Protein chains: 2
Amino acid sequence: MSDMPSCQFESRPRRIVIGAGGAQTDFCTTCSVRPTSVCSVIGPDDISRLSDAAVETIIPPGRGFIEEGAPATDFFNVTSGTVKLFKALPDGRRQITGFASPGHFLGLAVSDNYAFGAEAVDTVRVCRFSRDKMADLLDDFPKLERRLLEEASNELVAAQNQMLLLGRKTARERVASFLLDQMHASQLPGQESSGGRLHLPMTRGDIADYLGLTIETVSRTLSWMRSQGMIEVGKGYAITILSVPKLDVLAAGNT
Amino acid sequence: MSDMPSCQFESRPRRIVIGAGGAQTDFCTTCSVRPTSVCSVIGPDDISRLSDAAVETIIPPGRGFIEEGAPATDFFNVTSGTVKLFKALPDGRRQITGFASPGHFLGLAVSDNYAFGAEAVDTVRVCRFSRDKMADLLDDFPKLERRLLEEASNELVAAQNQMLLLGRKTARERVASFLLDQMHASQLPGQESSGGRLHLPMTRGDIADYLGLTIETVSRTLSWMRSQGMIEVGKGYAITILSVPKLDVLAAGNT
DNA sequence: CGCTCGATTGATTCTGTTCAAGAGGTGTGG
DNA sequence: CCACACCTCTTGAACAGAATCAATCGAGCG
């Protein structure tokens with residue numbers, strides 16, 4: 001790992017060639033998240049434009065790479081791992097506003113400064129775009145704008161759901177909603193149907209900060225759900241959902 | 001008013017002439033919120049396109065005009081009054097996700113169905129655009145897309161702030177944040193500096209549903225703030241902020 | 001005048017937090 | 001290989017903040 005100061009991360013230009021015999025100059029061509037990300041609107045002919053603008057960056061677990069309030073110099077596209085986005089109060093209280101998984105685009109903001117912080121949950125790989133390069137891409141590819149609007153709208157819907165959760169749901173309802181959301185998210189791309197088995201990359205503390213609860217309440221609630229036969233809590237970060245219907249009833253507010 | 005069934009509202013085509021001598025065909029030309037709304041990106045030459053697409057609608061206080069889950073047939077631009085946007089749980093618990101004031105655009109969503117409900121707080125006037133007409137405008141005016149993205153980004157920032165409020169702030173901090181937000185909102189356009197005097201159009205119940213509290217807690221907190229010399233609670237919906245610094249300290253989390 | 005509705009205030013309850021202790025797992029170094 | 005520190009998670013007991021239940025008050029209105 002590099003020995004750069006403070007809040008740093010490894011990065012390498014996007015065009016780097018892997019392997020000896022590879023004549024591969026465009027990472028984007030083989031990018032696994034391209035089909036589901038905003039990048040998909042840029043066609044095969046123009047893909048080099050994308051590769052030129054992007055810098056692949058690897059971020060180790062726990063490392064922050066967007067600081068709330070700092071100048072917004074870059075945009076990011078998550079290609080692997082999970083990122084937590086958060087806002088904090090001066091005294092340290094923290095609210096995680098969302099988890100970004102592969103394919104998610106980070107940095108939507110009009111302001112010159114980031115409105116939120118971002119930190120890697122596990123090992124994360126992102127494509128980094130400078131503000132300038134991003135502006136060029138937006139000028140040259142109108143479809144990109146529409147796609148970003150779509151992305152923003154989706155996040156807005158998610159944010160509204162989260163506001164309902166934080167403002168009006170009980171602890172049990174929150175945890176149930178969270179587990180179901182995670183299950184649905186894990187079933188999105190070409191992922192195998194996991195039979196209710198989840199691998200949550202984040203800690204109890206992260207879940208608590210996401211749900212507006214404390215670590216203890218999350219732990220207690222999970223234990224209660226286990227006692228009700230709704231879930232199975234495995235070692236590490238594994239949770240198995242045994243009864244989706246029971247969780248559904250809970251999440252909808254029928255305590 | 002038309003005699004349409006169920007959840008309806010008065011509406012009239014945008015081009016209607018007011019007054020006898022008026023040769024005015026483009027409402028949009030004289031629209032007071034055009035400069036600050038998404039419509040501003042459509043230049044004077046094309047303004048008739050806008051007027052043709054828009055239908056002005058007047059909505060009486062308390063009437064809903066967007067039903068959560070209903071087919072998303074229209075987009076709206078608020079021209080006067082205040083709209084509350086909300087989501088609800090099956091048992092009636094409700095979370096107001098935002099208040100839309102003049103200039104705000106409603107309907108950003110990718111889905112075919114509205115993700116939230118909307119209801120007039122006071123008498124509201126909106127410009128209604130059908131989905132089709134809106135799509136045409138988006139195709140013909142690329143700038144509109146960028147402007148909507150900007151709008152969506154702003155709402156996203158507001159949503160993240162609200163998540164922090166709902167997830168991590170105490171009742172006092174929530175109410176303080178709310179009052180300061182309302183004050184800033186009232187100082188935005190060409191509005192006269194009100195000397196801290198606010199006219200909140202919404203009821204205590206609306207404020208409670210917005211802040212994730214109960215009516216009683218909102219009332220008690222306002223009374224407490226009054227006892228601390230922070231605010232003055234007038235009749236009806238008037239509140240005067242006596243000490244912005246005190247509220248700032250509260251809102252930031254230094255209880 | 002009596003009705004309803006919204007707001008305020010009080011008394012009590014309860015959900016989730018805080019404080020505290022212990023269990024289980026992991027990595028380090030002797 | 002084991003002792004130790006460290007971390008996360010779990011569980012228990014006491015506490016606190018907001019919700020709930022309830023009564024009163026005032027304004028608007030038929």
Side-chain angles (χ1 to χ4, degrees), chain A residues 60-62 84 89 91-95 121-122 165-179 198-228 231-239 250 253 255, chain B residues 60-62 84 89 91-95 121-122 165-179 198-228 231-239 250 253 255:
Chain A
K84 54 185 168 192
L89 290 170
D91 64 0
R93 279 175 286 172
R94 200 180 58 154
Q95 178 64 37
V121 172
D122 44 15
L165 180 146
L166 293 170
R168 289 300 180 215
K169 289 189 180 179
T170 66
R172 288 174 182 178
E173 291 162 3
R174 295 182 198 201
V175 175
S177 301
F178 172 72
L179 291 176
L198 290 178
H199 249 334
L200 305 179
M202 67 290 288
T203 66
R204 297 282 185 273
D206 288 336
I207 297 174
D209 280 346
Y210 180 57
L211 299 179
L213 301 169
T214 58
I215 295 179
E216 293 93 327
T217 300
V218 171
S219 183
R220 267 186 257 274
T221 305
L222 288 173
S223 296
W224 175 81
M225 286 177 172
R226 191 185 29 170
S227 78
Q228 301 294 310
I231 63 172
E232 211 165 51
V233 182
K235 307 200 168 198
Y237 298 97
I239 286 186
L250 248 188
T255 314
Chain B
K84 54 185 168 191
L89 290 169
D91 64 1
R93 277 175 289 171
R94 199 179 60 153
Q95 178 64 37
V121 173
D122 44 15
L165 180 147
L166 293 171
R168 289 299 180 217
K169 289 190 181 178
T170 66
R172 288 174 181 179
E173 290 162 3
R174 294 182 199 202
V175 175
S177 301
F178 171 73
L179 292 177
L198 289 178
H199 250 333
L200 306 178
M202 66 291 286
T203 66
R204 296 283 185 272
D206 287 337
I207 297 174
D209 280 348
Y210 180 58
L211 299 179
L213 300 169
T214 58
I215 295 179
E216 295 92 326
T217 300
V218 170
S219 184
R220 266 186 258 276
T221 306
L222 288 174
S223 296
W224 176 81
M225 285 176 171
R226 191 184 28 168
S227 78
Q228 301 294 309
I231 63 171
E232 211 166 50
V233 182
K235 307 205 168 194
Y237 298 96
I239 287 186
L250 250 188
T255 313

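These numbers were taken from a predicted model, which means no experiment stands behind them. Reminder, nothing fancy here: chain letters follow the sequence lines and each chain counts from 1.
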Inset, instruction - Give one of base, sugar-phosphate or nothing for L213(A), where a contact means two heavy atoms less than 4.0 Å apart. - result: sugar-phosphate

Legend entry - Nucleotide dT17(C), atom P - distance to CG of D209(A) in whole Å: 11 Å

Legend entry - Most 5' of A171(A) and K235(A) on DNA chain C, judged by nearest nucleotide: A171(A)

Legend entry - d(CD1, I215(A); P, dG16(C)) in whole Å: 17 Å

Inset, instruction - State the CG-OG1 distance between L250(A) and T170(A), to the nearest 0.5 angstrom. - result: 7.0 Å

Inset, instruction - Would you mind reading off the distance between E216(B) atom CD and dT13(C) atom C1', rounded to a whole angstrom? - result: 13 Å

Legend entry - Check against side-chain contact (heavy atoms from CB on, under 4.5 Å), W224(B) and Q228(B): CA-CA 6 Å; W224(B) 176 81; Q228(B) 301 294 309; 3.5 Å; yes

Inset, instruction - Write down the distance between CZ (R220(A)) and C1' (dG22(C)), rounded to a whole number of angstrom. - result: 14 Å

Inset, instruction - Answer with base, sugar-phosphate or nothing: what part of the nucleic acid does R226(B) contact at a heavy-atom distance below 4.0 Å? - result: sugar-phosphate

Inset, instruction - For S219(A), report the nucleic acid contact type (base, sugar-phosphate, nothing); a contact means any heavy atom under 4.0 Å. - result: base

Inset, instruction - Quick one: pull up CG in L200(A) and CG in D206(A) and give me the separation to the nearest 0.5 Å. - result: 10.5 Å

Inset, instruction - Ignoring backbone atoms, establish whether S223(B) has a side-chain N or O less than 4.0 Å from OP1 or OP2 of dT8(C). - result: no

Inset, instruction - Could you check how far CZ of R204(B) sits from C1' of dG26(D), rounded to whole Å? - result: 14 Å

Inset, instruction - Evaluate side-chain contact (heavy atoms from CB on, under 4.5 Å) for L179(A) paired with M225(A), printing each intermediate quantity in order. - result: CA-CA 11 Å; L179(A) 291 176; M225(A) 286 177 172; 3.9 Å; yes

Legend entry - Nearest-nucleotide comparison on DNA chain D, the residue closer to the 5′ end among R168(A) and V218(A): V218(A)

Inset, instruction - Starting at atom CD1 of I231(B), determine the distance to atom C1' of dA7(C), rounded to an integer number of angstrom. - result: 13 Å

Legend entry - Atom-to-atom span, OH of Y237(B) to P of dG28(D) - whole angstrom: 11 Å

Legend entry - Nearest-nucleotide pick for T217(B), side chain only, options being dT9(C), dA19(D), dT8(C): dA19(D)

Inset, instruction - To the nearest Å, give me how far apart CH2 (W224(B)) and P (dG17(D)) are. - result: 12 Å

Legend entry - Test log, rule side-chain contact (heavy atoms from CB on, under 4.5 Å), inputs Q95(A) and L165(B): CA-CA 9 Å; Q95(A) 178 64 37; L165(B) 180 147; over 6 Å; no

